[in-house]
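I have placed the structure first, in the form of structure tokens, so that the comments after it can refer back to it.
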Amino acid sequence: MLHTILTVLFPLIALIALGYGLKQRNWLEDGFWRGAEKLNYYILFPVMLFLNLATAQIQLNIIRDVVLVTSIITVAVCVLLYSLKAIYQISFARFGVYVQSMLRFNTYIGLAAVTALLGQAGMTVFAVIMVFFIPVVNTISVLAFTRPADMQVLKIISSLLKNPLILGCLAGGLYNLTGLGLEQGITQLLKQMAACSLPLGLMCVGAALKFGHINQDLWRIVWNTSGRLVLIPLLGLGVCKILGISTLTTQVLVLFFALPTASASYVLTKVLGGDSELMAKIISIQTVLAALTLPIFLNFLI
């Protein structure tokens, strides 16, 4: 089984490595990567989310299980991180980094892995996770960087409503509820656009990797990466077992919790004045090490 999992994950790892190699060789200009990220973030990826959710057969018990498990894990992680913040007087610039690196997830890797390993049924569960978790984790991430005196609820809500990933999820979910089908020509168009998203997104993930001066923040990276890639998926597995969650939903949830943090975390960190250099290092190390930890978890689950 491990050989099968590695075989399935190999294209994902290879595309990330390809993106990294192309960026390091400067074979493509920086403008290409900025344009590719923008195209994917604002158009291709939301289209893929819309298509999957609009056509998914979503059952109420899946929604219940996903919301319950992700809520328990999110609350537990937030309580721990905010306790550490109070004890060690962690600055907002770094606290936001820790929150994102523990809670945000690389959707490109997750979707590619779920689609390849668990098919349409697994994709439906993952889509439910995205609908619920993307708005939640984006809100928590913004709040982690925000001092109480600067907190503006309307501004936070406005930024969330402008998030293309959230809009794609909401549009797909609402369209699904209407019970209307998609015209064949439109479906094929959306499928062609969606097919471009994951390969391009994975190469952009690789292009964004940065490994300079890692030793300066080594202990922060070590505890952070260990928590994200090992402890949180183990906690997720334990919660699923205790609650008696179905096998497929457990597999998708643990895979989700074992994903590295999102590459987009760097952008949010920079925009909100956080420690963007530390964020870049954590993203890079988590992404590389997930190639080792993810197959191990999947080997015991699938």
Side-chain angles (χ1 to χ4, degrees), residues 37 41-42 45-46 49 63 66-107 110 128-170 173 208 217 220-221 223-229 231-233 235-236 239 253 256-257 259-283 286:
E37 289 175 355
Y41 185 72
Y42 285 100
F45 201 38
L49 296 176
I63 298 174
V66 163
V67 171
L68 181 59
V69 175
T70 54
S71 296
I72 290 172
I73 301 300
T74 301
V75 170
V77 172
C78 285
V79 168
L80 174 61
L81 289 176
Y82 273 93
S83 298
L84 292 174
K85 180 180 183 294
I87 294 170
Y88 294 103
Q89 297 296 302
I90 301 172
S91 67
F92 282 92
R94 282 193 166 163
F95 182 66
V97 171
Y98 299 149
V99 168
Q100 287 194 99
S101 57
M102 286 291 188
L103 290 178
R104 294 192 72 173
F105 60 102
N106 195 306
T107 320
V128 173
I129 294 175
M130 289 188 294
V131 170
F132 174 71
F133 206 71
I134 287 177
V136 170
V137 78
N138 274 275
T139 303
I140 294 173
S141 297
V142 172
L143 292 176
F145 282 110
T146 308
R147 293 171 175 79
D150 301 329
M151 195 174 295
Q152 299 180 29
V153 176
L154 291 179
K155 187 175 181 180
I156 293 172
I157 294 175
S158 175
S159 66
L160 292 173
L161 292 177
K162 293 177 182 177
N163 187 305
L165 305 186
I166 295 175
L167 293 176
C169 288
L170 290 176
D217 294 293
R220 294 185 181 91
I221 295 172
W223 75 258
N224 188 280
T225 301
S226 299
R228 173 65 203 216
L229 299 183
L231 297 181
I232 290 180
L235 179 61
V239 171
L253 281 166
F256 164 72
F257 289 126
L259 292 171
T261 189
S263 301
S265 300
Y266 175 80
V267 178
L268 183 63
T269 302
K270 200 163 188 178
V271 169
L272 297 180
D275 190 339
S276 56
E277 287 189 14
L278 177 60
M279 189 77 256
K281 295 173 188 175
I282 290 176
I283 292 170
Q286 283 193 12

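Source: prediction; values computed, not measured. The basis for the numbers below is simple: all heavy atoms, side chains too, and nothing from hydrogens, waters or symmetry mates.
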For this session: Could you check if a side-chain atom of Ile283 sits within less than 4.5 angstrom of a side-chain atom of Met279, using non-hydrogen atoms only?
Result: yes
Problem set entry | Point-to-point distance, once rounded to the nearest 0.5 Å, from SG of Cys78 to CG of Leu103 | 5.0 Å
For this session: Indicate the atoms forming the closest heavy-atom contact of Gly227 with Pro233, along with that distance.
Result: O-CD, 4.4 Å
Problem set entry | Atom pair OH (Tyr88) and OG (Ser83), whose distance is rounded to the nearest 0.5 Å | 11.0 Å
Exercise. If you look at every heavy atom in Ser265 and Ala262, which pair is closest and at what distance?
Worked result: OG-O, 2.9 Å
Exercise. Would you say the side chain of Asn224 lies within less than 4.5 Å of the side chain of Arg220, judging by non-hydrogen atoms?
Worked result: no
Exercise. Between Gly96 and Ala144, which heavy-atom pair has the shortest distance, and what is it?
Worked result: CA-CB, 3.8 Å
Exercise. Taking atom CZ of Phe256 and atom CD1 of Ile129, what is their separation to the nearest 0.5 Å?
Worked result: 5.5 Å
Exercise. Can you find a side-chain donor-acceptor pair between Gln286 and Ser101 that sits under 3.5 Å?
Worked result: no
Problem set entry | Check: Arg228 and Leu259 side chains under 4.5 Å, non-hydrogen atoms | yes
Exercise. For the residue pair Ile63 and Val128, what are the closest heavy atoms and their distance?
Worked result: CA-CG1, 3.9 Å
Exercise. Would you say Ile134 and Cys169 make side-chain contact, with heavy atoms under 4.5 Å?
Worked result: yes
For this session: Check whether any side-chain heavy atom of Thr70 lies under 4.5 Å from a side-chain heavy atom of Leu253, and answer yes or no.
Result: yes
Seminar exercise, completed: In terms of heavy-atom contacts, Ile221 and Leu278 come closest through CG1-CD1, 4.4 Å
Problem set entry | Any donor-acceptor N/O pair, Thr261 side chain to Gln100 backbone, under 3.5 Å | yes
Exercise. What's the shortest heavy-atom distance between Ser141 and Val99, and which atoms?
Worked result: CA-CG1, 4.5 Å
Exercise. Can you find a heavy atom in the side chain of Leu80 that is under 4.5 Å from one in the side chain of Met102?
Worked result: no
Exercise. Do the rings of Phe133 and Phe105 sit parallel, tilted or perpendicular, given the 30° and 60° boundaries?
Worked result: tilted
Problem set entry | Nearest-0.5 Å distance, CG of residue Leu231 to OG1 of residue Thr225 | 11.0 Å
Problem set entry | Aromatic ring proximity Tyr82/Phe95, centre distance under 6.0 Å | yes
For this session: With rounding to the nearest 0.5 Å, note down the distance linking CH2 in Trp223 to CG in Leu84.
Result: 6.5 Å
Problem set entry | Validation row: Phe92, Lys85 side chains within 4.5 angstrom (heavy atoms) | yes
Exercise. How many angstroms lie between atom CD1 of Ile232 and atom CD1 of Ile73, to the nearest 0.5 angstrom?
Worked result: 8.0 Å
Exercise. Salt bridge check: are Arg94 and Asp217 linked by an N-O gap of less than 4.0 Å?
Worked result: yes
Exercise. Side-chain contact, heavy-atom cut-off 4.5 Å: Val69 with Phe257?
Worked result: yes
